[in-house]
K.L.:
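Sharing a structure with you now.
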Amino acid sequence: MDIILVVNAGSSSLKFEVFTIEGGLSRLMKGQMEGIGTAPHLRVKGADGAVLADETHDPAAVPDLPAAMNHVGAWLREQHPGTLAGVGHRVVHGGPDYERPVLLDETVLADLERYVPLAPLHQPNNLAPIRAIRQFRADVPQVACFDTSFHHGHSAVADHYAIPEHFFAEGVRRYGFHGLSYEYVAGRLPELAPDVAGGRVIVAHLGSGASLCALSAGRSIESTLGFTALDGLPMGTRCGQIDPGVILYLLDQKGMTVHEVQDLIYKESGLKGLSGISNDVRVLLESAEPAAGFALDHFVYRIGLNAGMLAASLGGLDAFVFTAGIGENSPDMRARIAARLEWLGAKLDPDSNARGDLVISTPDSRLRLLVVPTDEELMIARHTLSLIRA
Ligand code: AMP
């Protein structure tokens with residue numbers, strides 16, 4: 001049985017999913033190697049939830065991402081002797097040039113390495129498993145799928161910062177991220193909500209990373225994320241939009257180093273920084289601490305503000321779609337956010353919201369409220385299949 005492997009590599013974990021190709025793409029298993037270099041742990045579950053692997057490993061045997069990739073590859077070959085038809089990778093940055101997924105070769109890899117300065121925390125991790133596979137399985141086609149591509153059609157007006165023009169040419173521009181998630185949701189809308197799919201829609205990807213995307217007739221025209229995945233909404237640990245003067249103040253007046261500021265705004269801010277308790281919305285919802293409630297109030301407030309901004313980019317709004325961990329699973333957060341959208345015509349139906357139905361607005365709501373689970377890995381598998389068959 002031919003399979004496609006989907007890889008999503010982070011700083012200390014390597015997530016993967018396996019899809020069979022025969023009879024259409026279907027998920028066989030999902031797994032991850034966590035604690036790379038410290039306490040490696042491989043967990044894999046089948047599509048039915050059955051545990052296929054739950055193994056701890058010696059940190060010396062899995063010191064880095066290439067080693068983790070090789071380990072996962074060896075495990076897969078043992079478990080699944082079928083043919084590996086292709087590997088699809090989530091790559092955060094496609095830079096100014098890559099407007100769609102691409103088959104990887106040395107030239108493309110060299111380009112993607114040039115984008116490391118644009119996403120220094122993520123891009124090197126995304127590229128490491130590609131190199132590892134090329135070393136041992138050069139025969140297997142690999143595909144890079146970018147978080148930026150779906151936003152490629154934004155107007156120049158939307159994508160510029162008001163700084164001297166030459167910076168734009170050098171790549172300092174608003175890219176937008178979470179594109180694979182938005183592409184998947186946009187692809188589902190014609191089937192799930194045909195009467196609004198051609199209209200003005202905001203999709204809210206609310207997970208540990210969070211952003212909003214404005215869709216006009218299914219195409220992204222605006223995003224709350226910009227040059228990096230720091231902009232827009234506050235997130236689990238990232239600050240979201242912040243006056244650049246704050247960064248100058250931290251560097252200049254507080255004497256913080258660039259690395260300290262980077263750590264602060266990527267890892268210690270957002271819900272975690274504001275609450276001082278957790279980056280996890282579930283924990284904050286259960287906490288009786290005022291700071292937990294305050295962090296959630298701020299999060300919801302900023303989503304409302306940013307929704308107004310994106311509604312302005314669309315010239316009005318027909319539907320608002322919730323997706324990702326918080327958007328798909330928390331009726332409480334959806335209700336709070338929907339209350340902020342009442343001025344745009346939103347009327348929440350509490351029963352459908354509690355059930356997590358596809359449509360959670362009342363029949364007479366001027367703004368349609370929807371819940372559409374995202375599937376970035378399936379999106380990557382689809383792109384990979386279409387490119388290796390092309
Ligand atoms: P994601 O990045 O899409 O996997 O989303 C992860 C985040 O979703 C977690 O950090 C949680 O804050 C949030 N989450 C998952 N399930 C729930 C839930 N039932 N209620 C509230 N938040 C949730």
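Counting starts at 1 for both ligands and their atoms, in listed order.
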K.L.:
Please indicate, with yes or no, if any protein heavy atom is found under 4.0 Å from atom 4 (O) of ligand 1?
P.N.:
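It does not: no protein heavy atom is found less than 4.0 Å away from atom 4 (O) of ligand 1.
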
K.L.:
Under a 4.0 angstrom heavy-atom cut-off, which atoms of ligand 1 come close to G207?
P.N.:
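Numbered from 1, ligand 1 contributes 1 (P), 2 (O), 3 (O), 5 (O).
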
K.L.:
Quick one: look up the protein heavy atom nearest atom 11 (C) of ligand 1 and list residue, atom name and how far away it is.
P.N.:
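Checked against all protein heavy atoms, atom 11 (C) of ligand 1 sits closest to D280 OD1, 3.2 Å.
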
K.L.:
So do E17 and M29 actually touch side chain to side chain, heavy atoms under 4.5 Å?
P.N.:
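When only atoms from C-beta onward are counted, E17 and M29 do not touch, as no gap falls below 4.5 Å.
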
K.L.:
Which protein heavy atom lies closest to atom 18 (C) of ligand 1, and at what distance to 0.1 Å?
P.N.:
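Ranking protein heavy atoms by distance from atom 18 (C) of ligand 1, first comes R282 CG, 3.4 Å.
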
K.L.:
Give the atoms of ligand 1, by number and element, whose distance to some non-hydrogen atom of G325 is under 4.0 Å.
P.N.:
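Listed by number with element, the hits are 1 (P), 3 (O), 5 (O), 8 (O), 13 (C), 14 (N), 15 (C), 16 (N), 17 (C), 23 (C).
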
K.L.:
Are R173 and F168 in a cation-pi contact, defined as NZ or CZ under 6.0 Å from the six-membered ring centre and within 45° of the axis?
P.N.:
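Positive - R173 is close enough to the ring of F168 and near enough to its axis.
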
K.L.:
F320 vs F322, test: ring pair (Phe, Tyr, Trp, His ring centres under 6.0 Å). Steps then yes/no.
P.N.:
CA-CA 7 Å; F320 188 94; F322 293 91; 5.1 Å; yes

K.L.:
Among all protein heavy atoms in this structure, tell me which lies nearest to atom 7 (C) of ligand 1, with the distance rounded to 0.1 Å.
P.N.:
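Going atom by atom, the protein heavy atom closest to atom 7 (C) of ligand 1 ends up being S208 N, 3.9 Å.
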
K.L.:
What is the nearest protein non-hydrogen atom to atom 13 (C) of ligand 1, stated with its residue, atom name and distance?
P.N.:
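Result for atom 13 (C) of ligand 1: I326 CG1, 3.5 Å.
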
K.L.:
Are the charged groups of K347 and E342 less than 4.0 angstrom apart, N to O?
P.N.:
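E342 and K347: not salt-bridged.
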
K.L.:
Testing the 3.5 Å rule here: is there a donor-acceptor pair between the side chains of T362 and D364?
P.N.:
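Side-chain D/A pair, T362 to D364: present.
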
K.L.:
Output yes when R131 and E113 qualify as a salt bridge under the 4.0 Å nitrogen-oxygen rule, no when they do not.
P.N.:
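Between E113 and R131 there is a salt bridge, with a charged N closer than 4.0 Å to a carboxylate O.
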
K.L.:
Give me the nearest non-hydrogen protein atom to atom 12 (O) of ligand 1 as residue plus atom name, then the distance to 0.1 Å.
P.N.:
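Protein heavy atom at minimum distance: V281 N, 2.9 Å.
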
